[in-house]
Structure formats: C-alpha cells, structure tokens
Number of protein chains: 4
Amino acid sequence: LAAEWVKNLNASGAPVVSIDLPSGLLADAPTPGDAVVRAAYTLSFQQPKIALLMPENSGYCGRVQVLDIGLHQAFANDTPSKYHWVGQAMAKGLYRPRLPFSHKGTYGHAALVVGSDGMMGAAVLAARGCLRSGAGKLTCYVPACGGAILPATVPEAMYQTVGQNSLAAVVLQGAYNSLGIGPGIGPVQGNWLMAVLRQHSGPLVLDADALNCLAAHPSLLSQLPPGTILTPHPKELERLFGPVSNGFLRVEQVLEQAQRLQIYIVLKGHHTFTATPTGQGFFNSTGNAGMATAGSGDVLTGCLTGLLAQGYPPEAACLLGVYLHGRAGDIAAEQLSQEALLAGDIVTGLGQAFKELASGRALGM
Amino acid sequence: LAAEWVKNLNASGAPVVSIDLPSGLLADAPTPGDAVVRAAYTLSFQQPKIALLMPENSGYCGRVQVLDIGLHQAFANDTPSKYHWVGQAMAKGLYRPRLPFSHKGTYGHAALVVGSDGMMGAAVLAARGCLRSGAGKLTCYVPACGGAILPATVPEAMYQTVGQNSLAAVVLQGAYNSLGIGPGIGPVQGNWLMAVLRQHSGPLVLDADALNCLAAHPSLLSQLPPGTILTPHPKELERLFGPVSNGFLRVEQVLEQAQRLQIYIVLKGHHTFTATPTGQGFFNSTGNAGMATAGSGDVLTGCLTGLLAQGYPPEAACLLGVYLHGRAGDIAAEQLSQEALLAGDIVTGLGQAFKELASGRALGM
Amino acid sequence: LAAEWVKNLNASGAPVVSIDLPSGLLADAPTPGDAVVRAAYTLSFQQPKIALLMPENSGYCGRVQVLDIGLHQAFANDTPSKYHWVGQAMAKGLYRPRLPFSHKGTYGHAALVVGSDGMMGAAVLAARGCLRSGAGKLTCYVPACGGAILPATVPEAMYQTVGQNSLAAVVLQGAYNSLGIGPGIGPVQGNWLMAVLRQHSGPLVLDADALNCLAAHPSLLSQLPPGTILTPHPKELERLFGPVSNGFLRVEQVLEQAQRLQIYIVLKGHHTFTATPTGQGFFNSTGNAGMATAGSGDVLTGCLTGLLAQGYPPEAACLLGVYLHGRAGDIAAEQLSQEALLAGDIVTGLGQAFKELASGRALGM
Amino acid sequence: LAAEWVKNLNASGAPVVSIDLPSGLLADAPTPGDAVVRAAYTLSFQQPKIALLMPENSGYCGRVQVLDIGLHQAFANDTPSKYHWVGQAMAKGLYRPRLPFSHKGTYGHAALVVGSDGMMGAAVLAARGCLRSGAGKLTCYVPACGGAILPATVPEAMYQTVGQNSLAAVVLQGAYNSLGIGPGIGPVQGNWLMAVLRQHSGPLVLDADALNCLAAHPSLLSQLPPGTILTPHPKELERLFGPVSNGFLRVEQVLEQAQRLQIYIVLKGHHTFTATPTGQGFFNSTGNAGMATAGSGDVLTGCLTGLLAQGYPPEAACLLGVYLHGRAGDIAAEQLSQEALLAGDIVTGLGQAFKELASGRALGM
C-alpha cells in the first residue's frame with residue numbers, strides 16, 4: 001500500500017518537501033527497493049544522515065538542508081560512530097596559525113612530480129594549490145616542455161626538468177618534507193613508481209596516473225609507506241579496488257582498504273570522504289558542483305602536499321585540505337557562478353578560506 | 001508632400017524623437033524609398049519591430065528604447081510568428097542549474113580545433129570561453145607553436161599538437177561530447193574537413209576559416225551532420241550563400257538555408273540572429289558595439305562548444321550561448337567602456353552573466 | 001633691490017606661496033635672470049600660463065594649482081592664441097561614441113612594428129595600448145623571438161614573425177588603416193624605413209628607434225607622408241632637430257618643424273605638447289610623474305595607432321590619445337601610487353578614462 | 001624560589017599575560033637561564049625591548065603588543081642608543097615624493113643579475129619588485145632560458161641573455177644607477193663576482209648565491225665597494241661570518257661586520273635588522289609570518305635595487321625598502337591570509353604601501 005502511495009505521489013508532479021529523510025530511504029543503509037519518495041527538497045534535522053551523502057540517493061533527496069533543532073551537542077559527541085562530519089568547527093580545531101618568528105624553512109620544502117606534454121597545465125594548478133596552501137618552498141619536477149611554463153606562471157616555484165627514467169634518483173635526493181605525484185603526468189612506468197615508494201619515507205600524496213599505475217601494478221599497494229595519501233575519484237577507486245554496487249559499500253570498501261594498507265584514502269565527490277588507517281571516515285561539508293571541472297583535483301593534490309610540508313600530520317592535512325579546497329570553491333562559485341568556475345579560481349579562493357579559519361584569533365606585533 | 005516634409009525635418013538639424021517607428025519605415029519589410037525620418041531616438045512600444053533590428057535602418061532609428069505599454073503578454077504569445085526575441089526570461093527558461101552530486105564527466109568533454117602560427121591567441125580565447133561556459137573537460141588541438149602557449153594561459157585545458165594532415169584521425173578518436181572548429185585555424189584543406197564531417201556525428205560548431213572552407217567547397221554543405229551550428233558574420237554568410245540586398249532578405253536567406261541543410265545558423269551582428277532547422281528565427285537582446293573587436297567570435301565559438309558538451313541541445317546552446325556572450329559583453333562594457341573592451345573581458349563577464357540566470361533558485365547542501 | 005629681496009626670500013627657508021606666477025617669472029617668455037621667487041606652491045588664475053608648463057621653471061613654481069576666478073569663458077575663446085589647453089571639455093568634444101550596428105571592421109585594422117630580442121615587452125605594451133584604445137583588429141610584426149610571447153600575453157592580437165629585410169614588403173601588403181612603428185624595435189636600417197615611407201600613404205605613427213633612424217638619416221624627414229605623427233621625448237627631439245636652450249624655444253621649434261614637414265609632433269613630457277601642421281600647439285592637462293616609467297611611451301604609441309585605425313583624424317587622435325593616456329595614468333596612480341605604477345597599469349586605466357568621456361550620453365538598445 | 005614559581009606557572013596550562021616583559025627575561029641581554037615565564041601575550045610599554053625582537057625569546061613572549069603609555073617622545077629622542085625602530089614616522093621621513101616635471105631618467109636605470117634554469121621565477125619576482133618600487137628603467141641579465149619568460153611576465157623590463165662568462169663585461173658597460181645580483185642565479189664563480197666588484201663602483205645589492213659566493217671566497221669581502229648592501233637570512237649570515245649562540249650576539253656581529261667592511265647588512269627575519277657602516281642598527285616594524293615564503297627575499301632585492309636607482313642613499317634605501325616590503329606583505333596578508341600569501345602578492349601590495357607614505361601631501365597640477 002505504501003509503495004503504491006509513494007508511486008502516486010511521485011507521479012503527481014507536485015514539488016515534494018521531505019522532512020528529515022524522504023520516505024522509503026533508510027538513514028544508513030542502501031535502500032531496499034525503489035518505493036522512495038522523490039523529494040524536491042529535504043529538510044533534515046541536526047545532522048546529515050549517511051543516506052543523504054550517497055550519490056545514488058541524490059534523485060530522491062533533491063536539495064538538502066540540515067536544520068539545527070537544538071539537540072544537545074554532547075549527545076552527538078558521546079554517540080560512538082566511525083563516521084564524522086568535517087564542518088567549520090572541526091576545521092578551526094585542526095588549523096594552526098603561523099608563529100611570528102618563523103621563517104620559510106618552518107613551513108617546509110614540498111616537491112611535486114607533475115605535468116606532461118599535453119597536460120602541463122595540471123602542473124601549474126597543483127603548484128599554485130601547494131604554494132597558496134602555505135608551503136615554505138616548492139620544487140616541481142616537470143618534463144622538458146615545462147621548463148618555460150612554470151616560471152612564467154608560478155614564479156614562486158622552483159622546477160627541474162628531468163626525464164622519467166632519472167626522476168626517482170633526482171627526486172629522492174631532495175629530502176623534501178612532502179612529495180606529491182600525479183597531476184597531469186600521464187602513463188607512469190611501474191618500476192619508476194616502485195623506486196620512489198621503496199626509498200621515500202616522508203609524507204606522500206598519490207593522484208591521477210600515479211593511482212592508475214598502482215591499479216596496473218597491484219603489488220605496489222603493499223609497498224606504500226604508512227600514512228601515504230591516495231586521492232582517487234570513484235572511477236580511479238574502482239580501478240584500484242574493484243567495483244561495488246552502491247555508495248554505502250563504497251565507503252565501507254574505502255574504510256577497509258585504508259585500514260588494511262595503513263594509508264589515507266580521500267575519495268573525491270560531492271561530499272569527499274576521507275578514510276584513515278584507524279578505520280574512521282570523514283565526510284566533508286564544503287564544495288559545490290561548480291568544482292566538477294578539469295583541474296579541480298590537481299589543485300587538491302597541491303593543497304594536501306602543501307599542508308604536509310608544513311608539518312600537518314596526514315590526517316589533519318586530508319581533513320583540512322579537503323575542507324579548505326571545498327570552501328575555496330564555494331567562495332569562487334559565489335563570485336563567478338558554478339558554471340564559469342575554473343580550477344584556477346579555487347586556488348584564488350584559498351586566501352579567503354584560510355582567513356575564515358584564522359579569524360577571531362588575536363594577533364600581535 | 002510627406003516626402004518633402006520628411007526631407008525638411010531631416011535637414012532641420014533638430015534632434016528627432018520617433019514614436020514606435022521613424023515615419024517612412026515599414027515595421028517588417030524593407031523601406032521602399034528614402035523618405036524616412038532620421039531619428040536621434042526611437043521610443044518603440046512593447047516589442048522591438050523587425051525593422052529596428054536591421055543594420056541598414058540604424059541611420060533612421062538612432063538609439064532605440066523599447067517601452068512596456070502594458071499590452072497583455074498572452075496576446076504576443078498567441079500571435080504566431082517565426083521571429084522570436086531572446087530576452088532574460090527565455091534565457092532563464094533554457095538554463096539548467098547544476099546538480100549537487102554531479103562530477104566533471106557530467107559536464108562532458110569538449111574538443112576545439114583552434115589556432116595557427118600568427119593566430120594562436122584565438123585558441124586561448126576559444127578555450128577560455130569554452131571552459132568558462134561550464135564544459136567539464138576540454139582538449140585543444142593546436143599546431144606545434146601552441147604547445148607552450150595553452151598551458152601557460154589556460155592551465156585547465158588539455159592540448160595536443162598535431163599537424164593538419166593527421167588531425168582528423170586524432171580528433172575523431174577522442175569521442176568528444178562536442179567539437180568546435182575554426183577560431184584562428186587559417187586556411188583549411190577541404191578534404192580534411194570532409195573527413196571530419198563524414199566521421200563525426202556528435203554536436204559540431206564551425207566558425208571562421210572552417211566556414212570559408214565550406215564556402216570554397218560548397219559540396220561539403222550537404223554533408224554537414226544534422227544539427228551542426230555555423231556561426232558566420234555577414235561577410236562569411238555571403239561567401240557561403242551569396243549576396244542579398246538588405247537585412248530582411250538576409251534573415252530570410254538564413255532561415256531558408258538552416259531549413260534546407262537542417263542545421264543551425266548563428267548570424268553574428270548587433271542583434272545576433274539564430275535560425276533553426278524548423279524555420280524559426282531568434283533575435284538576441286544582449287550585446288553592444290564594444291564587442292565589435294577581434295576575438296569576440298572566438299569566445300562565442302568556445303561558449304557554444306562548451307554548452308553543447310554539457311548536453312544542451314543545439315538550439316538551447318545557440319540561444320543561451322549567444323545571450324550569455326552578449327550579456328557578458330554588456331557587463332564588461334559597464335566596467336571598462338565599449339572602446340577598451342577586449343574579447344578576453346567577455347570571458348571574464350561570463351561568471352556574472354551565469355549568476356544572473358541562476359539567481360532566485362534555492363540552493364541546498 | 002627686488003633681486004635682493006627675492007634672494008632673501010628664497011634664503012628664508014619659509015614655504016612660499018605665489019599668487020598667479022612666482023615674482024620674477026614672465027608669463028610667456030624665458031625668464032631673463034635668476035631673480036625669481038622659488039615658490040612651494042603657485043596658485044594661478046583661470047588658465048595655466050605658458051611659463052608654468054616649462055620644465056625649467058618647475059623649481060620656481062613648486063606645486064601648481066589653477067583656480068577658477070570666474071572670468072568669462074568667451075573672453076578666452078575670443079582671444080586668438082596658437083596655444084591651447086586640452087582639458088576634459090575638449091576631450092569630450094573629440095570623442096565619438098560607438099554606433100550600435102557597427103562591427104569590428106568599422107573600427108579598423110591597425111598594424112604595429114614592434115619589439116626585438118631584449119625589448120619584446122614593448123611589443124606587448126604597445127599592442128595592449130592599441131587594442132584597449134578601441135582598434136577593431138591588430139596585427140603585430142615582431143621578430144622570431146616574439147612568436148611565443150604575443151599570443152600568450154595579448155591573445156586578441158594577431159602577429160607575424162618576419163625579419164627586418166622582408167618587413168616593408170609584408171607590412172605594406174596589409175593595407176592597414178593605421179601603422180605604428182617603433183616601440184622596442186632597436187636600431188633600424190634607414191633603407192627599410194625609407195621603403196615604408198615611400199609606399200605607405202595611410203595614417204602613420206613613428207616612435208623610439210624609428211625616430212632615431214630619422215635623426216640618423218635626416219633626408220627621410222622630407223619623405224614623411226603628410227599627417228604622420230612623431231612622438232619624441234625631449235632627447236629624441238634634440239637628435240631630430242638639434243638642441244635649444246629653453247622650453248619656450250623648444251615648443252617654438254616643434255611648432256615650426258610640424259608646419260614645415262606638415263606632420264604632427266607629440267613632444268612627451270609633464271604637459272605633453274602636440275604641434276599640428278597648421279601651427280597650433282596643444283598642452284595636455286592629464287598625467288603625472290608616476291608615468292615617468294619604462295614603457296609608458298610604448299603604450300602611447302599603441303593608443304595613437306588604435307585611435308587612427310578607428311578613423312579619428314591625426315589631430316584628434318593625438319589630442320584624445322594623449323589626454324586618455326594621461327588620464328589613465330592618473331587613475332592608475334590614484335589606485336597604486338606614482339612609484340608603483342607600471343606602464344601596464346596605464347593600459348588598465350584606459351577603460352575608466354574612456355568611461356569618463358562617454359558618461360552622460362544616452363544609450364539605447 | 002622565583003624559578004620554582006615560574007616553573008609552576010608555566011606548568012599550570014593557564015594562558016599567561018606578561019606586562020612589559022615576561023618575568024625572567026632581560027630587556028637587552030641574553031636570558032641567563034630558563035627560569036622565564038612563558039607568556040601567551042606580552043603587553044609592553046611605549047617601546048619594543050630588544051629582548052622582544054630576538055627569535056630565541058619568541059617562545060617566552062607569545063604575541064607582543066606595544067602600548068603607548070604617554071611617555072614624552074623627547075626622552076626617547078634624547079636617550080642615545082645604537083638601536084632604532086623603523087616605524088611609519090621614520091619611513092615617512094625617508095620617503096621623497098616625485099616631482100611633477102621629472103622623466104624616466106630621473107628615476108634611474110637599474111640592473112639585475114637574476115635567474116637560472118630552475119629558478120627563473122626569482123628573476124620575475126625581483127624584476128617586478130624593482131619596477132614597482134619606482135625605478136625608471138630596468139635591464140635584467142638572465143640566462144638563455146629566460147629570454148622567453150621576462151617579456152611575457154614583466155613587459156616593462158628590458159633583458160639580455162648572456163652566459164656567466166661574459167656577464168661582467170656586459171653588465172659593467174651598462175653604467176647603471178644601481179645593480180642587484182643574486183636572486184635565483186645558482187652557484188656563482190668567484191672570479192666573475194670579483195670582476196664585478198673591482199669594476200663597479202655604484203650602488204650594489206648582493207643576495208642569495210652572490211652571498212654564498214662571498215662566503216666561499218672570504219677574500220672578496222674586503223673588496224666590496226663601500227656602501228654595498230648585503231641581504232642575508234640567518235643561515236647565509238652564518239656562512240659569511242660564522243656561528244653565534246644567540247640573537248643578541250647575532251645583531252652585535254652584524255653591527256661589527258657592517259662597520260668593519262663599511263657596508264650595509266640587512267639581516268632578514270621577523271624584525272629585519274639593518275646595520276650601517278657607522279654602527280647603527282635598525283629593527284623593522286612591518287611584516288608578518290606569511291612572508292616566510294619562497295621568493296619573498298627576491299622581491300626585497302628588487303625593491304632595494306629599485307630605490308637605489310632612484311637616488312635614495314643606501315641607508316635610506318635599506319630602511320625604506322625593508323619597511324615598504326614588510327608593509328606590502330601586511331597588506332597582502334590582510335587580504336589573502338598569511339598562509340595563502342605568495343611573494344608575488346608582496347609586489348602587488350607595494351602600491352598601497354607607497355600610498356600610505358605619500359598620503360597627506362599636497363598635490364598640484
């Protein structure tokens with residue numbers, strides 16, 4: 001009877017407003033059937049439910065708004081859950097303001113392996129994201145075609161043009177505080193990446209074709225240094241760990257693999273999901289559909305590498321980096337619209353995003 | 001007698017304000033003689049008359065203002081006409097806001113064949129126009145000299161440097177959601193364009209020297225995939241379909257050819273005119289004389305290709321793209337003056353233009 | 001006695017305010033001696049006196065302010081003088097707003113011969129100045145090293161890379177609406193410039209090393225097409241026409257040569273002075289010391305070439321171009337300070353400068 | 001007893017506010033032990049104490065605020081001290097506004113020897129810093145790889161591409177008003193630098209690898225032209241003059257060496273310290289931790305070289321340049337946050353920083 005009622009409601013053509021959850025949707029498990037109300041708006045109470053964060057439910061939920069109904073925060077804090085929500089309060093807690101007497105060494109030396117002929121712009125975007133996230137210094141390893149592009153577009157970055165064969169040796173000499181590999185590099189040789197994984201022990205971010213290389217050489221996964229950060233989008237995740245049938249299983253898969261490999265996995269999407277080696281999962285609260293644009297992920301890799309260089313532990317780097325990246329995108333979309341937003345505008349928004357976290361802190365001489 | 005009266009009025013030197021139409025002008029047909037009042041201002045009622053949209057009448061009409069005199073909109077709606085006016089209301093109706101759980105694949109992969117030695121800037125402008133119109137990804141096919149320019153100026157775009165001979169094969173492998181050809185490419189070989197037309201079946205925009213190639217090889221016209229968009233200015237139109245003696249005949253010619261070839265023709269001008277395969281004609285309401293500047297058309301080609309990539313049907317892409325392009329130019333001119341406006345400023349204005357269409361819509365989490 | 005009194009006053013150390021003119025200064029002739037009051041401020045009445053516009057008197061005048069004391073404008077208008085003051089009123093009178101139905105052909109095709117290895121930035125600045133002054137299209141002739149720079153920095157400009165030997169032939173084929181030669185070109189061969197002068201009959205602007213070439217080959221002066229515009233700074237002027245002992249003689253020299261050669265001479269300085277073939281002289285009212293910076297003149301050459309391309313007669317192009325260039329520099333200095341102002345900021349200010357001239361005009365559809 | 005009390009206080013976890021100085025700290029000498037209160041905030045009276053400016057005390061002082069308690073300024077002025085505080089008042093006193101009738105020659109021709117393959121961005125930053133500080137003209141000497149980068153990024157700068165071997169001869173021919181050497185040049189041959197030092201007698205700034213070259217060839221130190229400016233950070237200082245055990249000894253060392261070598265030493269840090277040949281020391285009041293970022297020092301070298309070119313004496317150039325550079329960084333951090341601030345943003349802030357110094361001055365025609 002209820003299914004029939006739902007079917008009629010959905011066929012009515014009237015805009016439906018659901019309260020807390022569209023009827024028929026389970027709060028924290030896959031929907032058993034298709035007898036679910038298709039709401040135009042969902043007004044949910046106090047906390048976003050997991051079901052509202054799953055892509056496959058977006059057709060049921062419409063536009064979601066979470067309303068504060070005055071439940072006591074202590075209750076939420078005392079309720080054990082492996083799922084967490086990264087809002088402004090948590091981001092403020094992770095943020096560490098700069099100390100007056102620091103120098104550029106304080107903020108570390110980051111390195112990025114980025115770009116290839118045809119995708120050198122990814123190098124530009126990742127480099128900008130890294131420096132605007134606060135890294136003290138940055139060296140970019142780029143192919144020969146990049147030598148004229150980096151200094152003209154990101155003069156604050158140093159760069160070295162090296163072929164892929166000699167890359168591992170050169171990069172590892174650098175003793176960098178963090179290393180990001182992937183944006184725009186194109187197909188990567190497995191033995192090169194293996195050499196890096198074997199010799200580099202510091203903070204590491206792998207993205208894009210570095211992930212595809214892992215997927216092509218699964219034996220490399222077990223050689224990832226503990227604490228390594230992977231930043232796949234759903235398709236890259238599938239190549240790495242195989243397909244799953246719904247979003248609930250996907251976050252379970254990410255949590256399992258992060259624990260098994262003792263790494264961080266940042267699954268990119270509308271509510272980017274970070275899984276930690278201890279099996280905790282964090283949904284991000286910021287970002288918008290305008291960030292569904294080429295280069296957005298390159299900027300994120302830069303942000304994470306930049307935060308790691310400054311000494312943020314990987315977990316804080318992931319949660320803060322994803323939050324700031326999303327907030328910067330929201331600021332850009334407010335100024336430029338979602339459609340016109342380019343990945344470079346996310347970089348521009350980082351300043352304002354940091355300022356929001358820093359505000360309210362006393363500053364002296 | 002009236003002719004004598006008009007002659008004296010025009011010779012008087014006094015600024016003339018015409019009501020509805022300058023006397024002597026027919027509302028929707030060419031003026032039979034030259035006994036027409038030369039107004040400094042024309043205050044027209046409710047709807048712009050076709051005669052006010054014709055370049056050859058601009059000397060008679062002066063500055064035109066359309067005043068709402070409260071006629072019932074239903075009357076206009078019920079009056080059948082093949083001519084339509086694309087104002088903000090129609091543009092808002094065509095605009096589709098982004099969905100929260102979308103990703104960059106949702107917004108398609110566009111491709112542009114653009115640029116040549118001496119006109120590589122056209123590639124930059126078209127690429128920016130395409131990405132700022134919301135395409136999820138963009139690959140540009142440019143000559144060798146462009147390999148250092150694209151990533152330095154439009155880092156969000158991917159690019160491939162290929163010679164014209166191997167271009168068709170390479171482009172067609174890409175399976176793009178839309179393809180734009182023309183800005184800055186210089187003279188094109190007919191057999192290359194023929195190869196593209198034969199094998200590419202998706203949304204297609206042809207501009208500039210791609211149009212001149214069609215004009216030089218008229219047999220190619222019949223091979224245009226249905227729904228192809230051509231974006232000629234009046235001279236390119238004349239090369240394609242021959243001369244006509246006035247603006248009324250020109251829009252008739254455009255309507256006829258669009259129907260015959262089952263394509264869209266966007267005739268660029270003060271009130272850019274779009275003709276559809278079903279014989280409907282749309283005058284655009286936005287834009288200004290500051291957009292009469294080099295590269296303005298390259299940006300438009302980018303916009304249309306970008307909208308097509310996102311899944312807008314060709315008709316919506318034409319009407320919305322032309323409207324947004326013009327509105328972006330108006331926003332730029334308000335800030336910069338008409339004289340100082342460059343084509344790149346139109347790209348910058350696209351964000352504000354999209355925001356106007358998106359405003360008033362509820363946004364959630 | 002008066003000389004003694006002046007000497008004591010100047011030695012007093014007190015800041016002196018002079019009324020109308022510092023005592024001892026003649027209004028329109030060189031100062032006969034050095035018994036002149038050194039004012040910190042000069043408050044002059046109604047009109048700037050010629051003496052206040054002479055560089056050699058700046059030490060006497062200090063900061064000059066011209067106060068309106070209510071003299072009837074008709075008196076000034078009726079007083080014949082070969083000297084004129086280009087203020088906002090005159091600039092507004094010269095400015096021609098764009099017509100709605102115009103297209104990029106309406107605003108002409110300009111050409112610039114600019115840049116050399118080591119001074120390619122001058123090409124960038126001149127090109128930007130030209131396009132931001134409203135030219136419909138622009139082609140730049142640059143050396144081989146410029147082929148990668150122009151499209152990356154001024155995508156709206158077309159360009160051609162040619163050696164100096166074949167330049168004349170190539171440029172003259174173009175049938176441009178205006179031609180500007182000089183910014184950053186480095187030493188020029190006399191026979192090349194002669195070839196251009198012999199074959200080019202349209203509007204022409206010569207600057208920088210093109211002027212030095214004329215100075216090295218004085219016989220070329222008589223071959224300048226009537227109406228040609230030269231834009232020397234005082235040292236370039238001296239190389240062209242020999243030294244003079246004061247500013248009064250310098251403007252006389254400029255007026256004489258402009259009449260003799262039937263050309264326009266724009267003598268750049270604090271109050272840039274334009275002399276016409278009919279022997280009239282125009283002091284410009286806009287600009288500031290922040291524009292005493294590298295590349296400022298390159299931008300001016302671009303502006304003049306851009307205005308000529310749009311069909312402004314040479315006299316209007318000179319007066320309006322110099323006025324707009326100075327006003328743009330004033331706008332830039334208000335935002336950025338005089339010290340930090342770069343030539344590129346003058347280009348940026350052109351939009352606001354044009355807007356001031358266009359304001360108050362009715363705009364329609 | 002007091003030591004015990006301090007230990008307990010520090011262990012209490014309560015935020016401590018110290019008045020004037022944290023207890024246990026000496027105002028102008030190294031702290032004898034570690035029995036010092038660790039304040040979260042220090043509210044100091046009237047003048048910053050030397051101890052508050054030492055990096056090793058930052059853990060004790062926390063955020064420092066200097067409060068005006070109304071002591072008579074005459075007392076401070078009459079108290080002899082070799083240490084000085086460069087605040088806005090002193091900077092305003094050093095600043096010289098531009099004169100209306102000046103031209104670009106008035107503001108000098110600066111030269112920079114900057115950049116290398118891998119660090120060409122340093123050339124871009126130094127060049128921008130130099131020009132935005134008001135130099136009339138600038139020529140940059142860069143390696144071959146820089147020839148395409150300078151004109152595309154700093155069109156106002158001229159440039160010459162020369163190998164290091166022929167550099168000395170070429171640079172010294174130029175007869176520049178100031179010369180800056182170091183940003184991004186990479187390892188320098190001692191004999192090349194020696195050649196420059198022997199033949200160049202004008203104002204000179206040495207930074208980065210030029211300093212490291214001096215450290216590697218200490219005999220060159222005695223050949224520095226009197227008035228030369230060195231701009232080391234603490235590590236470069238240590239390489240030049242050996243290690244010291246605390247900040248008090250470091251400023252003593254800098255003062256001694258500046259006197260001994262008759263040069264200016266600008267020791268970069270939170271409160272950049274300038275020592276003069278006459279043994280005076282100046283602490284700078286501006287700047288923030290966001291400037292602890294790659295390229296910040298390159299911009300400073302540009303600023304100093306630019307001020308020297310305009311005729312500022314070396315002492316004024318150092319004090320004003322460091323003040324403006326820091327203030328520009330403060331302005332940038334207010335807009336962008338400290339984390340997102342890049343060195344290029346300091347250049348952008350220079351305009352506003354100059355405007356603050358120039359404000360309140362009467363300007364005329």
Side-chain angles (χ1 to χ4, degrees), chain A residues 40-44 48 52-59 61-66 115 117-125 128 145-146 148-149 152-153 184 233-235 268-271 285 288-298 332 334-345, chain B residues 95-107 109-110 127-129 131-140 142 147-162 303 306-307 310 320 324 328 347-359 361-365:
Chain A
Y41 300 91
T42 298
L43 305 179
S44 197
L52 299 174
L53 307 176
M54 293 296 141
E56 65 263 34
N57 291 341
S58 65
C61 308
R63 304 276 168 181
V64 176
Q65 198 84 41
V66 177
D117 192 15
M119 293 191 286
M120 268 309 299
V124 173
L125 293 168
R128 286 179 177 159
C145 64
I149 290 163
T153 53
H233 56 56
K235 277 200 184 159
K268 296 184 283 196
H270 177 39
H271 291 292
S285 64
N288 64 83
M291 299 170 75
T293 187
S296 188
D298 305 329
E334 281 157 29
Q335 293 173 344
L336 282 169
S337 81
Q338 293 189 359
E339 285 77 13
L341 187 160
L342 297 192
D345 305 320
Chain B
Y95 169 71
R96 302 184 319 203
R98 297 199 154 198
L99 297 174
F101 279 92
S102 52
H103 52 83
K104 72 184 167 190
T106 313
Y107 303 110
H109 191 165
R128 285 180 176 157
L131 284 165
R132 285 249 183 249
S133 297
K137 290 197 282 184
L138 168 63
T139 295
C140 292
V142 293
I149 290 163
L150 255 289
T153 52
V154 198
E156 292 85 359
M158 293 173 288
Y159 54 97
Q160 219 171 315
T161 55
V162 247
C303 290
L307 291 171
Q310 294 166 75
L320 190 56
L324 284 165
V347 179
T348 306
L350 282 169
Q352 191 61 34
F354 268 109
K355 274 181 71 180
E356 290 175 357
L357 294 188
S359 71
R361 297 186 182 261
L363 290 175
M365 188 172 73

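Naming: A, B, ... by sequence-line order, numbering from 1 per chain.
Options A/Ser44, A/Gly295, A/Ser58 differ in how many heavy-atom pairs under 4.5 Å they form with chain B, and the most are formed by A/Ser58. For chain B, the option among A/Gly269, A/Gly344, A/Ala292 with the highest count of heavy-atom pairs below 4.5 Å is A/Ala292. In terms of non-hydrogen atom pairs under 4.5 Å with chain B, the most contact-rich of A/Gly297, A/Gly118, A/Gly121 is A/Gly118. Of the listed residues B/Ser133, B/Gly105, B/Gly306, B/Gly134, the one with more heavy-atom pairs under 4.5 angstrom with chain A than any other is B/Gly134. The candidate with the highest count of non-hydrogen atom pairs below 4.5 Å against chain B, out of A/Val124, A/Thr153, A/Leu342, is A/Leu342.
No side-chain heavy atom of A/Leu341 sits under 4.5 Å from any side-chain heavy atom of B/Arg132.
Neither the backbone nor the side chain of B/Ala353 comes within less than 4.5 Å of any heavy atom in chain A. When heavy atoms are compared at a cutoff of 4.5 Å, A/Ala343 approaches chain B by way of both its backbone and its side chain. No part of A/Asp298 comes within reach of chain B, as not one of its non-hydrogen atoms sits under 4.5 angstrom from that chain. With a threshold of 4.5 angstrom between heavy atoms, A/Ala123 does not approach chain B through any atom at all. Of the atoms belonging to B/Tyr159, heavy atoms from both backbone and side chain fall under 4.5 Å from chain A.
Shown here for A/Gln335 and B/Gln352, the closest heavy-atom pair between the two residues is O-OE1, 4.4 Å. Scanning all heavy atoms of the two residues, the minimum distance from B/Lys104 to A/Thr293 falls at CB-N, 3.7 Å. Across A/Ser337 and B/Phe354, no two heavy atoms sit closer than the pair OG-CB, 3.3 Å. Residues A/Arg128 and B/Pro155 come closest through the heavy atom pair NH1-CG, 4.1 Å. Between A/Ile149 and B/Pro151, the shortest heavy-atom contact is CD1-CG, 3.4 Å. A pairwise comparison of heavy atoms in B/Glu156 and A/Leu125 identifies OE2-CD2, 3.8 Å as the closest pair.
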- [ ] Would you check, one step at a time, whether the test side-chain contact (heavy atoms from CB on, under 4.5 Å) holds for A/Met54 with B/Phe101?
- [x] CA-CA 9 Å; A/Met54 293 296 141; B/Phe101 279 92; over 6 Å; no
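Note: A/Met119 CE to B/Leu150 CG = 14.0 Å, rounded to the nearest 0.5 Å. Rounding to the nearest 0.5 Å gives a distance of 5.5 Å between OG1 of B/Thr161 and CG of A/Asp117. To the nearest 0.5 Å, the span separating OG on B/Ser102 from CD on A/Gln338 amounts to 7.5 Å.
Using a 3.5 Å distance cut-off with no hydrogens or angles, the side chains of B/Tyr95 and A/Glu339 do pair a donor with an acceptor.
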